[in-house]
6 protein chains.
Amino acid sequence: MSVKIQVINPNTCIEMTQAIGIAAQQVAGPNVDIIAVSPQQGIASIEGHYDEAIAAIGVLELIQQGKQSNVDGHVIACFGDPALHAAREIAEAPVIGIAESAFHMATLIATKFSIVTTLPRTKIIAEHLLQQYGFAQHCAQIRCIDLPVLSLENDKDFAYTKLLESCREAKAQDGIGAIVLGCGGMAEMAEQVSREINIPVIDGVRAAVKLLEALHGMGLKTSKWGDYDYPNQK
Amino acid sequence: MSVKIQVINPNTCIEMTQAIGIAAQQVAGPNVDIIAVSPQQGIASIEGHYDEAIAAIGVLELIQQGKQSNVDGHVIACFGDPALHAAREIAEAPVIGIAESAFHMATLIATKFSIVTTLPRTKIIAEHLLQQYGFAQHCAQIRCIDLPVLSLENDKDFAYTKLLESCREAKAQDGIGAIVLGCGGMAEMAEQVSREINIPVIDGVRAAVKLLEALHGMGLKTSKWGDYDYPNQK
Amino acid sequence: MSVKIQVINPNTCIEMTQAIGIAAQQVAGPNVDIIAVSPQQGIASIEGHYDEAIAAIGVLELIQQGKQSNVDGHVIACFGDPALHAAREIAEAPVIGIAESAFHMATLIATKFSIVTTLPRTKIIAEHLLQQYGFAQHCAQIRCIDLPVLSLENDKDFAYTKLLESCREAKAQDGIGAIVLGCGGMAEMAEQVSREINIPVIDGVRAAVKLLEALHGMGLKTSKWGDYDYPNQK
Amino acid sequence: MSVKIQVINPNTCIEMTQAIGIAAQQVAGPNVDIIAVSPQQGIASIEGHYDEAIAAIGVLELIQQGKQSNVDGHVIACFGDPALHAAREIAEAPVIGIAESAFHMATLIATKFSIVTTLPRTKIIAEHLLQQYGFAQHCAQIRCIDLPVLSLENDKDFAYTKLLESCREAKAQDGIGAIVLGCGGMAEMAEQVSREINIPVIDGVRAAVKLLEALHGMGLKTSKWGDYDYPNQK
Amino acid sequence: MSVKIQVINPNTCIEMTQAIGIAAQQVAGPNVDIIAVSPQQGIASIEGHYDEAIAAIGVLELIQQGKQSNVDGHVIACFGDPALHAAREIAEAPVIGIAESAFHMATLIATKFSIVTTLPRTKIIAEHLLQQYGFAQHCAQIRCIDLPVLSLENDKDFAYTKLLESCREAKAQDGIGAIVLGCGGMAEMAEQVSREINIPVIDGVRAAVKLLEALHGMGLKTSKWGDYDYPNQK
Amino acid sequence: MSVKIQVINPNTCIEMTQAIGIAAQQVAGPNVDIIAVSPQQGIASIEGHYDEAIAAIGVLELIQQGKQSNVDGHVIACFGDPALHAAREIAEAPVIGIAESAFHMATLIATKFSIVTTLPRTKIIAEHLLQQYGFAQHCAQIRCIDLPVLSLENDKDFAYTKLLESCREAKAQDGIGAIVLGCGGMAEMAEQVSREINIPVIDGVRAAVKLLEALHGMGLKTSKWGDYDYPNQK
C-alpha cells in the first residue's frame with residue numbers, strides 16, 4: 001500500500017509548487033506518492049509576517065483536505081514554517097515544516113550550519129524559529145542574497161549566481177559544515193550548489209519528505225495528548 | 001485633539017469585546033478615545049494555535065480599518081498576541097499585544113510574576129511568547145484555572161472563584177511579586193482579585209492602553225526601518 | 001490633582017540635571033509635575049561600577065526625600081540603573097531606571113535595537129542589565145562614541161557629531177529598527193538625531209516618565225510582596 | 001542495491017545487541033540490511049561517564065569496521081551517544097546516536113517530551129546532551145526507574161512494570177506529548193508501553209535507523225568540511 | 001615574605017567579623033596573614049538590595065585601606081558579593097566575593113550544588129549572581145532556613161539545627177553533589193554540617209582565601225586592561 | 001607532609017610532558033610535589049574528538065595509578081579536558097582539567113576573556129566546554145594560530161610569534177581583560193606573552209595546580225554523593 005505525502009506550497013505561485021513537487025518526488029521512497037498543492041487564493045510569495053499570517057488560512061484548508069484524503073503526512077513548504085503548530089492541532093498525520101526539517105538534518109551531519117535565504121527581512125522569522133526549536137546555537141550565520149522570492153522563478157540564472165556566491169562565502173567564512181537553503185523556491189538549486197562548492201547543502205523540502213517517511217515507518221503521528229490535541233469545540 | 005486607541009478583541013464574543021472596552025476606558029487618559037472592536041466573522045474564543053491562526057485574519061482586517069480611521073495605536077486584546085508581528089508590518093501607529101503589555105508592566109514593579117490563565121493547552125503559547133520576548137526568567141509559574149475562555153462570560157462567579165483561588169496559591173507558593181492575568185476575558189476581574197489578595201494583579205488590556213499612551217506621548221510609532229517595514233509588493 | 005514624578009540625576013552635574021528635567025517635562029502629561037533633582041555630594045559623572053556604587057547612596061537618599069514629598073514615581077536617570085532594586089525596596093511608588101525604560105519601549109516598536117553609549121567601559125554595565133532584564137536577544141549591538149559623559153555638556157557639538165555618526169552606522173549595519181541612547185546626558189539630543197537619520201531614537205528619560213505615568217494610571221506601585229518588601233529591621 | 005546500516009551496541013551484552021538488532025530490523029525499509037554488532041571486549045553496561053569512556057574505544061573500532069564494509073550509516077545504540085563526535089570524524093557515512101534520534105523525532109510530533117531512563121546517575125549525561133544539542137527546552141522531565149541497565153534483560157517483567165509506571169506518571173504530570181525511552185535496552189518495550197498508555201513512546205534505535213535512511217535518501221553524509229574532517233595526521 | 005589577605009565583613013557585626021576571620025585563618029597557608037575587618041559605620045546585617053547598597057561604601061573604603069596596606073588580595077565576605085565589580089576597579093590585587101568563590105569550588109567537585117541561605121528575600125540576589133557568573137545551570141535549588149542573618153550569632157543552636165535540616169533535605173532531594181552555604185555568618189558551621197551529613201559543604205569565606213592564594217601563586221592580579229581599569233578621572 | 005599532585009599530559013609527546021611538569025612546578029607551593037606523567041601508548045597530540053576519545057583510556061589508567069600512589073589531586077593537562085567526568089568517577093582526590101581551570105581563574109580577574117588556541121577544528125571542543133561549564137558569556141572570542149599542537153614543540157619560535165600576534169589582536173579587538181591559552185603545549189609561553197603585551201595571560205596547567213592546592217587546603221575532594229560516585233559494579 002502506498003504512502004501519501006501532501007506537500008503544501010503556502011504561496012500561490014504554481015511554478016514554485018511544481019518545482020517543490022519535483023524536488024519532493026526525487027527523494028521520495030518507491031511506494032511514496034507526492035501530492036504537491038497550493039492554495040487557490042492567497043499570496044504570491046511569503047516574505048514577512050503579514051504574508052505568513054495571510055497564507056496560514058490556505059495552509060490550514062489544505063491540511064484539512066489532505067486529512068480527508070487520508071494522507072500519511074503533510075509538508076509545509078515555506079521556510080517560516082507558517083501555521084505549523086496550528087496545522088498539528090487539526091491533523092492526525094505528522095506535519096513538518098521545511099525550516100525545521102533542514103535544521104534537524106543539518107545537525108545530524110555537521111556541528112554548525114549557515115542559512116542562505118532571500119530578503120533580509122525574512123531573517124527575523126528564521127531567528128525566531130531557531131530560538132523556539134532550540135537550534136540557535138547550531139546556526140553560525142543567516143545570509144541573504146537580497147532578492148525577492150519570486151526572482152527564484154523569474155530570474156533563475158541571476159538568483160542562482162547570487163545563491164552560489166553567498167554559499168561560497170558561508171563555506172569559507174562561517175566555520176560551518178553544512179548550508180541550509182532558506183526558501184522553498186531554492187529547492188531545485190540545492191544539488192547543483194552542493195556539487196559546485198563541495199559541502200552538504202540541505203533543502204528542507206527533501207528533508208521534510210524523508211522525515212515524514214521516517215515517522216511513518218515508526219508508526220508515529222502527531223501526538224494528540226496535550227498541546228496538539230484537536231481544537232476545542234466552543 | 002484627542003488620541004484614538006483601537007482595542008481589538010480577536011474573538012467574536014461581543015460581551016467580551018464590551019468588557020474589554022470598559023476595562024480599557026477605565027484607565028484611558030482624559031483625551032483618549034477607546035474604540036473597542038471585534039471581527040464580524042471568526043472564532044468565538046481563542047484557546048490554541050489553530051484558533052489563533054484563524055483569528056489572525058480578522059485582527060489584520062481590523063488593523064487596516066483602524067489605520068484608515070487614523071487611530072493612534074492598536075491593542076490586540078488576546079493573551080497570545082496573535083498576529084502581532086504581522087500587524088506591525090501593516091500599521092503605522094504602534095501595535096501592542098496584551099501579553100507583552102502585562103509582562104512589561106509586571107517587571108517594572110516586581111522581580112518575578114506568575115501567569116494565571118484558562119486552559120492548560122494555552123500554556124505553550126505563553127511559554128513561546130515569554131521566550132521570544134525575553135521574559136521567561138521573570139515568570140515563576142503559569143497556572144491554569146482549567147476553564148474554557150467563554151466560561152469567563154457564561155459562568156462568571158464560578159470562574160472568578162477559581163481565578164481567585166489560583167491567584168492566592170500563586171501568591172503563597174511562587175515567590176513572586178505580581179500576578180499577570182492570562183486572558184483578555186479576565187480584564188474585568190483584575191481589580192477585585194488584587195484587592196482581595198493584596199498583591200498587584202496586572203490586566204494586559206489596561207497595560208496596553210497605557211503603554212500606547214506612553215509611546216504616543218513620546219512620538220514613537222512602529223519602526224518602518226527593517227523588520228516591520230510594510231509588506232513587500234509582489 | 002497633579003501627579004508628581006521625581007527625576008533623579010545620580011551625578012552632581014547640575015547642567016545635566018536641568019537638561020534631563022527639561023527632557024522629562026517635554027513629554028510629561030498635562031497634570032504631571034517633574035521634580036528634577038541630583039545629590040548635593042557625590043560624583044560628577046558615572047562611568048563605571050565604582051562611580052555607580054558611590055552614586056547609589058545619593059540616589060537612595062533622594063528616593064527617601066521623594067517618598068516624604070509623596071511623589072507618585074521615581075526615575076533613576078543614569079543608564080546603568082544604579083541602585084534600582086535597592087530603591088524599590090524603600091519606595092512605595094514605582095521606581096524606574098532609564099536603561100530598562102528605553103529597552104521596554106524599543107521592543108514595542110522594533111524587533112531589535114542598538115545602544116549608542118559613551119565610553120567602552122560602560123558596555124559591561126549595559127550587558128549585565130540586558131541579561132538580567134531579559135533583553136539581550138533584542139540588542140544587536142552596543143556602540144560607543146568613546147567620549148566621557150561630561151563631554152556631552154562641555155563639548156556638545158563634537159559629542160553630537162560623534163553620536164550622529166554612530167547612530168548612522170547602527171542604522172546601516174546592525175539590522176535594527178530603533179536606537180537606544182545609552183546615557184542620561186544624551187537626552188536632549190534624541191529628537192534631533194531621530195529627525196536627521198529617520199529612525200526611532202529612544203531616550204530613556206522620556207521613556208521612564210511615560211512608563212511611570214502608565215503605571216500610575218493603572219494604580220500600580222512597587223510590589224511590597226516578596227523581593228521588594230521594605231528592608232528588614234535589624 | 002541494498003542499504004547497509006550498522007547498529008552498534010556499545011556494551012558487551014549480546015542479548016541486548018540482539019534485541020536492538022530486532023528493533024532496528026522491525027522498522028528498516030525493504031532494501032535495508034541491519035548489521036547489529038557489539039565490541040568483543042568492553043563493558044557489560046553503560047551507566048556513567050567512566051563506562052562511556054571505556055566503551056568509546058570499542059565503538060570507534062566498530063565504526064572503522066563498518067566503514068571498511070561500506071555501510072551506509074552507523075547507529076550508536078546507547079542513550080549517552082558515546083563517542084558520537086569522534087565517530088563522525090572517522091566515518092564517511094552518517095553516524096547517529098539514539099539519544100539525539102529520539103529527541104529529533106519527539107520534537108516533530110510534540111511540543112515537549114519526558115525521558116524515562118534507568119539509573120539516576122545517567123540523568124546528568126542526558127542533561128548535557130539536551131543542552132549541547134539544543135533540546136533542553138523541549139524536555140519537561142527526566143524520570144528514572146532506578147534499575148540498572150542489565151535488569152532490562154535479566155528481570156524483564158519487573159523492569160517493564162517499573163517502566164510502565166514511570167511513563168504513566170510522565171503522561172499524567174509532565175505536560176508532555178511524547179515519551180523518550182532513555183536506554184537502548186528498552187527498545188523492545190517501546191511499542192507495548194505506547195499501546196498501553198496511549199501516547200507516542202519513542203525508541204531511539206528505531207528512530208536512528210529511520211533517520212539514517214532519510215539522510216541516505218537525500219544523499220547526505222557526515223560533512224567532511226570543518227569540525228568533522230578526518231583526524232589530523234601527526 | 002608573607003602574603004596578606006584582607007577579609008572584609010561588609011556588615012558591622014563584630015562577632016561575625018571575628019568568626020569569619022577564624023574561618024579564613026583555618027585554611028590560610030603557613031605564610032598567609034588574614035586581616036579581618038568590618039566597617040565602623042554601616043549596617044548590622046545584609047538581607048536585601050538596600051542593605052547591599054548601603055554596605056557598598058564601607059566595603060570600598062576598606063578596599064582602599066587594604067590597598068594602602070599593600071594587601072595581596074581582598075575577600076568580600078557577604079554572599080551577595082556586594083560592590084565586587086566596583087572594588088575590582090579600585091583595587092590592584094585580586095578581589096573575590098564569597099558567593100562566586102563557593103560556586104567555583106563547588107563546580108570543581110560536583111556537577112550540581114544547592115545553596116542553603118537565610119531569608120527568602122535574599123534568593124533573588126543569589127539568582128542574579130548565578131546568572132551573571134554563568135553558574136545557574138549548576139545550581140539545583142536555593143533553600144532558605146528562614147531566619148535573619150543575625151540569628152546565626154544570636155541563636156546559634158537553633159540556626160544550626162535549621163541549617164542542618166535544610167542541608168539534609170538538599171542532599172536527599174536535589175540530585176546534587178555539594179552544598180554551598182549562602183551566608184558569611186554560616187562559615188563556622190560548614191565543617192560540622194559536612195561531617196554530620198557526609199557531603200561536601202562549601203563555605204565561601206574559606207574558598208575565597210584559597211582562591212586568592214591560588215591567584216597570588218600564579219602572579220595574577222585584577223586586570224587593569226578594560227572593564228576593571230581604575231575609575232576615570234572627571 | 002607533602003602534597004602530591006599528578007599532572008597528566010594526555011598525549012605521548014614527552015617533551016610536552018616535561019614542559020608541562022616544569023610549568024606546574026613553577027607555581028607549586030613549597031610542600032607540593034608535581035608528578036608529571038603521560039601514557040606510554042596513545043596519541044602524539046590531541047586535535048579533535050577522535051584524538052580525545054583515544055587519549056581518554058590513557059588518562060583513566062593514569063588516574064588509577066595516581067590513586068594507588070595516593071596523590072592529592074589530578075590535573076588533566078589537555079585543553080579539551082578529556083575524560084574529566086569519567087576521571088572524577090574513579091578518583092577520590094579532586095580532578096581538574098586545564099580548560100576549566102583557566103576559565104575559572106580568568107573570570108576572577110576580568111569580566112571577559114579570549115581563548116587563543118591551535119587549530120580551528122579544536123574550537124568546537126572549547127565551545128562545548130564553555131557551554132557545559134557556564135562560561136560561554138564570559139568568552140569574547142576563540143582565536144586560532146592555525147598550527148598543529150606539535151609545532152609548539154617542533155617549531156617553537158614560529159609558534160611563539162604566531163601566538164604573540166594572535167594575543168595582541170585579542171587584546172586590541174575583543175574587549176577583554178585576560179587571555180586564556182588554549183593548549184597545554186603553550187604553558188611555557190604564558191609568562192613571556194603576558195610580559196610582552198601587558199595583559200594577564202592564563203595557562204591552565206598552572207591554574208589547575210593552584211586550584212588543586214586550594215581544594216586540598218579546604219579538605220575538599222571529588223564528591224562521591226551522586227553523579228561522581230564510583231562506577232557501578234555490573
Side-chain angles (χ1 to χ4, degrees), chain C residues 11-13 42-61 63-64 80 82-91 95 118-125 127-134 136 147-151 154 225-234, chain E residues 11-13 42-61 63-64 80 82-91 95 118-125 127-134 136 147-151 154 225-234:
Chain C
N11 73 35
T12 58
C13 173
I43 205 145
S45 66
I46 299 176
E47 299 166 322
H49 301 93
Y50 178 77
D51 295 351
E52 280 198 344
I54 298 304
I57 300 297
V59 170
L60 295 171
E61 284 172 0
I63 293 278
Q64 292 282 26
L84 178 63
H85 297 304
R88 284 180 180 155
E89 286 182 2
I90 57 172
V95 186
T118 53
L119 294 174
R121 72 180 303 162
T122 66
K123 285 176 68 173
I124 188 70
I125 294 176
E127 286 171 24
H128 285 167
L129 295 182
L130 288 165
Q131 185 194 28
Q132 186 180 102
Y133 297 158
L147 292 178
V149 169
L150 291 179
S151 73
N154 303 337
W225 178 255
D227 294 339
Y228 290 143
D229 194 6
Y230 297 111
N232 285 21
Q233 298 300 323
K234 311 302 172 189
Chain E
N11 72 35
T12 57
C13 173
I43 205 142
S45 65
I46 300 176
E47 299 166 324
H49 301 92
Y50 177 78
D51 296 350
E52 280 198 342
I54 297 305
I57 301 296
V59 170
L60 295 172
E61 285 172 358
I63 294 277
Q64 292 282 25
L84 179 63
H85 296 304
R88 284 182 180 154
E89 287 182 2
I90 57 171
V95 186
T118 53
L119 293 174
R121 73 180 302 163
T122 67
K123 284 177 68 174
I124 187 70
I125 294 177
E127 286 171 25
H128 285 167
L129 294 182
L130 288 166
Q131 185 193 28
Q132 187 180 102
Y133 298 157
L147 293 178
V149 169
L150 291 179
S151 74
N154 303 337
W225 178 254
D227 294 339
Y228 289 143
D229 195 5
Y230 297 111
N232 285 22
Q233 298 300 323
K234 310 302 173 191

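Throughout, protein chains are lettered first and strands after them, A, B, ... in sequence-line order, and every chain is numbered starting at 1.
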Tell me, for C:Leu84 versus chain E, whether the close heavy atoms (under 4.5 Å) come from the side chain, the backbone, both or neither. neither
Any side-chain heavy-atom pair from E:Arg121 and C:Asn232 closer than 4.5 angstrom? yes
Measure E:Pro231 against the heavy atoms of chain C and call it side chain, backbone, both or neither at under 4.5 Å. both
Pick one of side chain, backbone, both or neither for E:Ile43, based on which atoms fall under 4.5 Å of a heavy atom in chain C. side chain
Largest heavy-atom contact set with chain E, pairs under 4.5 Å, which of C:Leu150, C:Val59, C:Ile90, C:Ile125: C:Ile90
Considering residues at least two apart in sequence or located in another chain, which fulfil the side chain to side chain donor-acceptor pair (under 3.5 Å) criterion with E:Thr122? E:Thr117
Using atom types as modelled, flag every donor-acceptor pair under 3.5 Å from a side chain in residues 46-56 of chain E to any protein atom, sequence neighbours excluded.
| unit_1 | atom_1 | unit_2 | atom_2 | d |
| --- | --- | --- | --- | --- |
| E:Glu47 | OE1 | C:Lys234 | NZ | 2.9 |
| E:Glu47 | OE2 | E:Val149 | N | 2.8 |
| E:His49 | ND1 | C:Glu89 | OE2 | 2.9 |
| E:Asp51 | OD2 | C:Lys234 | NZ | 2.6 |
| E:Asp51 | OD2 | E:Glu47 | N | 2.9 |

Can you tell me if C:Gln132 uses its side chain to pair, donor with acceptor, with the backbone of E:His128 under 3.5 Å? no
